[in-house]
Protein chains: 2
Amino acid sequence: MNEIEKLFASKDIRITAMRLLIYKFLVQKETAVTLSDIENAFERADRTTLYRTIKTFEEKAIVHQIDDGTGITKYALCEQGCNCEIETDLHLHFHCNNCNETVCLTEYKIPHINIPEGYMAEDVNLVVKGICEKCSGH
Amino acid sequence: MNEIEKLFASKDIRITAMRLLIYKFLVQKETAVTLSDIENAFERADRTTLYRTIKTFEEKAIVHQIDDGTGITKYALCEQGCNCEIETDLHLHFHCNNCNETVCLTEYKIPHINIPEGYMAEDVNLVVKGICEKCSGH
DNA sequence: CATTAAATGCACTTTCATTGCATATTATTT
DNA sequence: AAATAATATGCAATGAAAGTGCATTTAATG
Ligand SMILES: [Mn+2]
Ligand SMILES: [Mn+2]
Ligand SMILES: [Zn+2]
Ligand SMILES: [Zn+2]
């Protein structure tokens, strides 16, 4: 068993060819992906399989879902040892208005947010939109 | 001309029966609404009209759009004198996981968010999820 | 009241998300 | 190494929300 297979086994995910391919695809991507992105990368595979694979990865905390405001849900690999199944993964996300890519800013944690008396926070979603490093000419 | 008609006139919005009704509906609501909410409130009206009315209101900065992470876009009245057409309306939004309602916390502004060198922020979306005042027993 | 521009209603389209079920593949037991 | 049980996959279909084209109606203007 290689590293990926060990990871799958440790999370009770059956090792299949498709899952290994999709996992490798996600590793090699440095931005968040949509289901369509995966679909385009694996044109011979069925959409449903890709959909259910990413959902399995999400349940098992291999990827986390990102709502960047574009209306299309995106996914990105979780950091090693992230606990987003239990408590929220509190980093922020950046969506580029130019190249339309979304990235995890895992080093940039969401600050404490004040809310009115009587309200109880359980989760926070913070998305910054603007121009990314690559598009601004770093 | 009453107050609402004056508001419409000042924003170059034609005064129609439907628009007045929808506006009054929004005023009387204290939480953000979906297009379906409006549809249910006006079952005799055509969905397209409701859709285009809310889009007109949005363009003219009568309402602003809210992405609370539920996947369904919501709308709420803008504060008087808000400039969300030009610069972003920087208050935060709260989504209750219990009653499923979303509210504008107009008094609670979005704090400054640190982002990496090379990135340029143009817009920020901040949604806190949890239990609202009413559901927690105020 | 006549003219013109915009709003409305209806039918259709698109896109993304999701499910049911038959078949294939993987893991487990004999 | 079969046989069995459990799960994954492929295909077809459905659903929800958003959006568009065009003919008809309504509102603003002189
Ligand atoms: Mn992330
Ligand atoms: Mn608001
Ligand atoms: Zn970019
Ligand atoms: Zn509530």
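First the proteins, then the strands, lettered A, B, ... as listed; each starts at 1.
The minimum heavy-atom distance between A/V63 and A/I54, with the atom names listed, is CG2-O, 3.9 Å. A/I131 and A/S136 get closest at one heavy-atom pair: CG2-N, 3.7 Å. Residues A/I22 and A/F57 approach most closely at CG2-CE1, 4.1 Å, considering heavy atoms. Heavy atoms only, all atoms of each residue included: B/D67 and B/G69 are closest at OD1-N, 3.1 Å.
Each of B/N100, B/V128, B/V103, B/T31 was evaluated against B/H95; a single residue qualifies, B/N100, per the side chain to side chain contact (heavy atoms under 4.5 Å, CB included) test.
Taking hydrophobic clusters as Ile, Leu, Val, Met, Phe, Trp and Tyr residues chained together by side-chain heavy-atom distances below 4.5 Å, B/I72 does not share a cluster with B/L77. No single ILVMFWY cluster, assembled from side-chain heavy atoms under 4.5 Å apart, contains both B/V124 and A/V127.
Protein atom CD1 of B/I54 is 15 Å distant from nucleotide atom P of D/dA17, rounded to whole Å. Between B/L35 atom CG and D/dA16 atom C1' the separation is 12 Å, expressed in whole Å. As rounded to whole Å, 8 Å separates atom C1' of D/dA16 from atom CD1 of B/I72. Following rounding to the nearest Å, A/D67 (CG) and D/dA17 (C1') show an atom-to-atom distance of 15 Å.
Residue B/T34 is out of contact with every strand shown, counting any heavy-atom pair closer than 4.0 Å.
Residue B/Q28 places its CD atom among more than 12 non-hydrogen atoms of other residues, nucleotides or ligands, all under 6.0 Å distant.
Relative to the axis of its first five pairs, the axis of the last five pairs of the helix from C/dC1-D/dG30 to C/dT30-D/dA1 sits at 30°, rounded to 10 degrees.
Taking 4.0 Å as the cutoff to heavy atoms of chain A, we find the contact window on DNA chain C bounded by C/dC16 to C/dA27.
Distances shown here put a side-chain N or O of B/Y51 below 4.0 Å from the OP1 or OP2 atom of D/dG19.
Ring pair A/F8/A/Y23: centre-to-centre distance below 6.0 Å. Taking the six-membered ring for Trp and the full ring otherwise, the centers of A/F94 and B/Y119 sit less than 6.0 Å from each other.
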Nucleotide by nucleotide, 5' to 3', does protein get under 4.0 Å of the base (B), only the sugar-phosphate (S), or neither (-) in nucleotides 4-11 of chain D, counting heavy atoms? --BSSBBB
Derivation and outcome, side chain to side chain contact (heavy atoms under 4.5 Å, CB included), residues A/R19 and A/T56: CA-CA 10 Å; A/R19 285 174 178 174; A/T56 300; 4.1 Å; yes
